[in-house]
Amino acid sequence: MSKLIIDQLTHPQKVRLLYKTVLRLHRGLPEELKELGDKYVRDEFRRHLKCSPMEAQLFMTEWAKYAATITKQLGIKGKPFGKLGDELDAECVEMLNDDQVVQLYELMLAAKGLEGDVITAEDLKKKK
């Protein structure tokens with residue numbers, strides 16, 4: 001889709017386009033990753049339905065980067081070239097708030113197939 005056409009879309013249309021693009025890209029993932037990824041995408045997009053314009057811009061930018069990364073890693077045929085995903089740098093992790101750290105931890109547990117070992121934002125606040 002050309003930049004000119006994308007610029008003419010409303011914000012909700014851009015969000016829907018990105019959402020559908022990410023879900024379409026997930027079709028090329030191994031089944032267990034597809035299921036986990038689709039669930040995570042749906043949850044994240046729902047969580048940000050009523051966020052501030054500044055948060056919305058950051059949200060859209062990060063998901064667009066994710067889509068670009070997955071596109072490069074899956075290629076035209078939708079088959080992974082090797083390693084999927086990207087490492088989080090320590091600086092990025094340090095900028096996360098408590099709820100985001102909990103969410104990242106729960107995502108790691110789900111990705112590794114571990115259940116029951118859940119922490120909450122309150123647990124993190126107690127440690128400070």
Side-chain angles (χ1 to χ4, degrees):
M1 194 174 285
S2 74
K3 176 138 173 68
L4 181 61
I5 294 172
I6 290 175
D7 287 342
Q8 294 174 350
L9 297 176
T10 65
H11 178 70
Q13 288 172 324
K14 289 177 185 177
V15 172
R16 184 175 306 241
L17 178 64
L18 181 59
Y19 175 76
K20 289 183 180 259
T21 299
V22 171
L23 290 178
R24 227 176 266 119
L25 287 168
H26 282 182
R27 292 179 190 165
L29 296 174
E31 190 56 39
E32 59 278 356
L33 286 179
K34 178 190 177 311
E35 185 180 323
L36 179 65
D38 287 354
K39 183 178 175 186
Y40 185 76
V41 169
R42 286 185 190 104
D43 184 50
E44 277 297 288
F45 275 76
R46 279 189 193 115
R47 284 181 198 222
H48 288 84
L49 279 174
K50 303 213 186 278
C51 65
S52 71
M54 191 171 98
E55 287 176 314
Q57 183 60 43
L58 181 60
F59 178 84
M60 292 292 288
T61 301
E62 292 303 316
W63 276 103
K65 285 180 189 176
Y66 169 79
T69 299
I70 293 297
T71 300
K72 288 177 193 168
Q73 293 173 352
L74 290 178
I76 295 171
K77 302 251 188 213
K79 301 287 185 209
F81 287 130
K83 185 184 122 185
L84 289 170
D86 209 355
E87 297 291 323
L88 285 175
D89 63 0
E91 191 175 298
C92 182
V93 174
E94 288 295 322
M95 291 173 49
L96 299 176
N97 66 37
D98 289 345
D99 289 332
Q100 291 169 322
V101 170
V102 169
Q103 188 177 2
L104 184 62
Y105 180 73
E106 289 173 351
L107 181 61
M108 182 215 43
L109 291 176
K112 291 184 175 185
L114 303 173
E115 292 183 26
D117 190 14
V118 178
I119 61 170
T120 63
E122 288 75 33
D123 294 333
L124 291 174
K125 290 174 186 172
K126 290 176 189 174
K127 291 182 180 182
K128 288 184 179 182

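Val22 approaches Ala67 most closely through the heavy-atom pair CG2-CB, 4.2 Å. Taking all atoms of both residues into account, the shortest heavy-atom contact from Arg42 to Tyr19 is CG-OH, 3.1 Å.
Residues Asp43 and Gln103 are in side-chain contact: their nearest non-hydrogen atoms beyond the backbone lie under 4.5 Å apart. For the pair Gln100/Met95, no side-chain contact is recorded, criterion being any heavy-atom separation below 4.5 Å from C-beta on. Side-chain contact between Thr69 and Lys72: absent, with no pair of heavy atoms (C-beta onward) separated by less than 4.5 Å. Side chains of Leu25 and Tyr66 form no contact here, defined as non-hydrogen atoms less than 4.5 Å apart.
Evaluation of the salt bridge (charged side-chain N to carboxylate O under 4.0 Å, His left out) rule for Lys65 yields Glu62 as partners, not counting sequence neighbours. Take Gln57 and apply the side chain to side chain contact (heavy atoms under 4.5 Å, CB included) test, not counting sequence neighbours, and it matches Thr61. By the side-chain hydrogen bond (donor to acceptor under 3.5 Å, both in side chains) test, Lys14 is found to be paired with no residue, residues two or more places apart in sequence or in another chain being considered. In this structure, Ala68 has no side chain to side chain contact (heavy atoms under 4.5 Å, CB included) partners at least two apart in sequence or on a different chain. Annotation: salt bridge (charged side-chain N to carboxylate O under 4.0 Å, His left out) contacts of Glu35 (sequence neighbours excluded): none.
Annotation: salt bridge (Lys or Arg N to Asp or Glu O under 4.0 Å) contacts involving residues 16-25, sequence neighbours excluded, are absent.
Between Lys34 and Glu31 there is no salt bridge, since no side-chain nitrogen of the basic residue lies less than 4.0 Å from a carboxylate oxygen of the acidic one.
The aromatic rings of Tyr40 and Trp63 are tilted relative to each other, their planes meeting at an angle between 30° and 60°.
Remark: Phe45 CZ to Met60 CE distance equals 6.5 Å, nearest 0.5 Å. Distance check: Leu23 CG to Leu18 CG gives 9.5 Å after rounding to the nearest 0.5 Å. How far NE2 of His48 is from CG of Leu58: 8.0 Å, rounded to the nearest 0.5 Å. Here CG of Leu36 is found 10.0 Å from CG of Leu29. Values are rounded to the nearest 0.5 Å.
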Can you check side-chain contact (heavy atoms from CB on, under 4.5 Å) on Ile70 and Gln73, steps first, answer last?
CA-CA 5 Å; Ile70 293 297; Gln73 293 173 352; 4.0 Å; yes

